[in-house]
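Report on the following structure.
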There are 2 protein chains.
Amino acid sequence: MINGISIEEYLRQKGVNPSYQRIRILECLVNSKSHPSAEDVYKELIKEIPTLSKTTVYNTLELFADKGLVLTLSIDGNQTRYDGNTLEHGHFICESCNRVYDFLVDTDALTCEGLDGFVIKEKHFYLRGICSSCV
Amino acid sequence: MINGISIEEYLRQKGVNPSYQRIRILECLVNSKSHPSAEDVYKELIKEIPTLSKTTVYNTLELFADKGLVLTLSIDGNQTRYDGNTLEHGHFICESCNRVYDFLVDTDALTCEGLDGFVIKEKHFYLRGICSSCV
DNA sequence: TATAACTTTGTAATCATTACAATTTTAAAC
DNA sequence: GTTTAAAATTGTAATGATTACAAAGTTATA
């Protein structure tokens, strides 16, 4: 369930054919708060879908990102992470445990100088440091 | 030259022994506005320093990042880029040409909710879209 | 049922980055 | 100015995330 509709319906609304694998992968992302990598998603789902291929996970995540179903986070350095929450928010990555946290932020409050004629498609605000669990 | 002092002196001030390779690598970053990757730096310098090793470039860039001489940009997805400008500013990456542009922004204007007890070490604000050259 | 389009799968590449050990350079002690 | 130890550099070999690609499976439609 997301915004009151099923994952399946949500996929259709975004123009993605809701195959079994796609439903399960999106479900995984929407229910997770850990901003998983493709590998993480694969490890989670292979338990219940033994035939799942890692390639399917990569392809599907790329498809979701293209269709605006998930956000791609270039924050970890060595692996891409994905976020099922597409509402604007910031990210905090802990240098110690590598966990990624969400936080509320309104980047519309920022003024940017020097971008005349540039088309902005995505905004990303992220912080790096030590989380409260690791301090 | 940076802030009126030589690259060599700048390295010393930051507690880094100014070897020939380190001077040349930092010089490369400070003079560049292209936010080069380790590979880019290597390709640029190998022309003049035929004995240079790619490992040296990687190690040196990591050292510089640790010592606060350069910023590490996780913006490109498939490679880490480095910025010799450590003053706060935002980055814009063009989805078409992959160039990274700087722009002025003051992230102190932002209020972040949900980070009580978190230690913030770095702030990053970046945008993704199409640059004015590619529009 | 036949056919084409779409999905998934597995294996084999690719490519950035890191590990590691050997060599070279630098600086300090004698 | 040697000797010696520490620091820096180098090259090769791994690692690990991601992508390419082709085969096999599935679905929808004519």
Side-chain angles (χ1 to χ4, degrees), chain A residues 7-8 11-12 14-28 34-67 69-70 72-82 93 95 98 100, chain B residues 7-8 11-12 14-28 34-67 69-70 72-82 93 95 98 100:
Chain A
I7 296 282
E8 198 173 331
L11 281 163
R12 278 205 195 85
K14 293 282 190 171
V16 176
N17 200 341
S19 71
Y20 178 65
Q21 284 86 340
R22 288 171 180 172
I23 291 170
R24 296 304 304 275
I25 291 169
L26 184 55
E27 192 178 49
C28 194
S34 66
H35 311 80
S37 64
E39 180 75 26
D40 294 333
V41 172
Y42 175 76
K43 278 190 189 150
E44 182 64 29
L45 291 177
I46 193 68
K47 298 175 197 166
E48 296 170 38
I49 315 170
T51 60
L52 184 66
S53 164
K54 204 176 280 189
T55 301
T56 299
V57 176
Y58 274 99
N59 290 342
T60 302
L61 290 172
E62 191 189 357
L63 174 71
F64 287 176
D66 284 348
K67 298 288 186 178
L69 286 151
V70 304
T72 297
L73 306 187
S74 296
I75 187 176
D76 191 320
N78 59 327
Q79 55 188 180
T80 299
R81 287 174 172 242
Y82 297 88
I93 183 164
E95 290 177 349
N98 244 44
V100 173
Chain B
I7 297 283
E8 199 174 331
L11 281 162
R12 278 206 196 83
K14 293 282 190 171
V16 177
N17 200 340
S19 71
Y20 178 64
Q21 284 86 342
R22 288 171 180 172
I23 292 170
R24 296 304 303 275
I25 291 170
L26 184 55
E27 192 178 49
C28 194
S34 66
H35 311 81
S37 64
E39 180 76 26
D40 294 333
V41 172
Y42 175 77
K43 278 189 190 151
E44 182 64 28
L45 290 177
I46 194 69
K47 298 176 196 165
E48 297 169 38
I49 315 170
T51 60
L52 183 66
S53 163
K54 203 176 280 188
T55 301
T56 299
V57 176
Y58 274 100
N59 290 342
T60 302
L61 290 172
E62 191 189 356
L63 173 71
F64 287 175
D66 285 347
K67 297 289 186 176
L69 286 151
V70 304
T72 297
L73 306 186
S74 296
I75 187 177
D76 191 318
N78 59 326
Q79 56 188 177
T80 299
R81 287 174 172 242
Y82 297 87
I93 184 165
E95 290 177 350
N98 244 44
V100 173

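Predicted, not measured: the structure shown is a model, and the values here were computed from it. Below, chains carry the letters A, B, ... as their sequence lines are ordered, and counting in each starts from 1.
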*asked:* From CG of B:Asn98 over to P of C:dC15, roughly how many Å is that when rounded to an integer?
replied: 15 Å
*Where do A:Glu27 and A:Arg24 land on the side chain to side chain contact (heavy atoms under 4.5 Å, CB included) test, with the steps shown first?*
CA-CA 5 Å; A:Glu27 192 178 49; A:Arg24 296 304 304 275; 3.0 Å; yes
_Partner of A:Leu69 by side-chain contact (heavy atoms from CB on, under 4.5 Å), out of A:Val16, A:Thr60, A:Leu61_ = A:Val16
*Taking atom CD of B:Gln79 and atom CG of B:Asn98, what is their separation to the nearest 0.5 Å?*
7.5 Å
*asked:* From CZ of A:Arg24 over to P of C:dT9, roughly how many Å is that when rounded to an integer?
replied: 13 Å
*So B:Ile25 and B:Val41, side chain to side chain contact (heavy atoms under 4.5 Å, CB included) or not? Walk me through it.*
CA-CA 7 Å; B:Ile25 291 170; B:Val41 172; 4.1 Å; yes
*Take the C1' atoms of the five end pairs on each side of the helix from C:dT1-D:dA30 to C:dC30-D:dG1, derive the two axes, and give their angle rounded to 10 degrees.*
10°
*Test side chain to side chain contact (heavy atoms under 4.5 Å, CB included) applied to A:Leu26 and A:Val70, step by step*: CA-CA 8 Å; A:Leu26 184 55; A:Val70 304; 4.2 Å; yes
_What is the separation between atom CD on B:Glu8 and atom P on C:dT26, rounded to the nearest whole Å?_
12 Å
*When you check every protein heavy atom under 4.0 Å of nucleotides 7-24 of chain D, what one-letter string (B, S, -) results, 5' to 3'?*
-SSBBB----SBBBB---
N/O-N/O pairs, protein side and nucleotides 22-25 of chain C side, under 3.5 Å:
none

*Test B:Arg22 against B:Leu63 for side chain to side chain contact (heavy atoms under 4.5 Å, CB included), laying out the working first.*
CA-CA 10 Å; B:Arg22 288 171 180 172; B:Leu63 173 71; 3.7 Å; yes
_Donor-acceptor pair, side chain of A:Arg81 and main chain of A:His35, under 3.5 angstrom_ = yes
_A:Ser37 and A:Asp40: CA distance, side-chain angles, deciding distance, side-chain hydrogen bond (donor to acceptor under 3.5 Å, both in side chains) verdict_ = CA-CA 5 Å; A:Ser37 64; A:Asp40 294 333; 3.1 Å; yes
*Can you see which heavy atom on B:Lys54 is nearest to which on B:Glu39, and at what distance?*
NZ-OE1, 2.9 Å
*If you take all heavy atoms of B:Ala38 and B:Val57, which pair is closest and at what distance?*
O-CG1, 3.5 Å
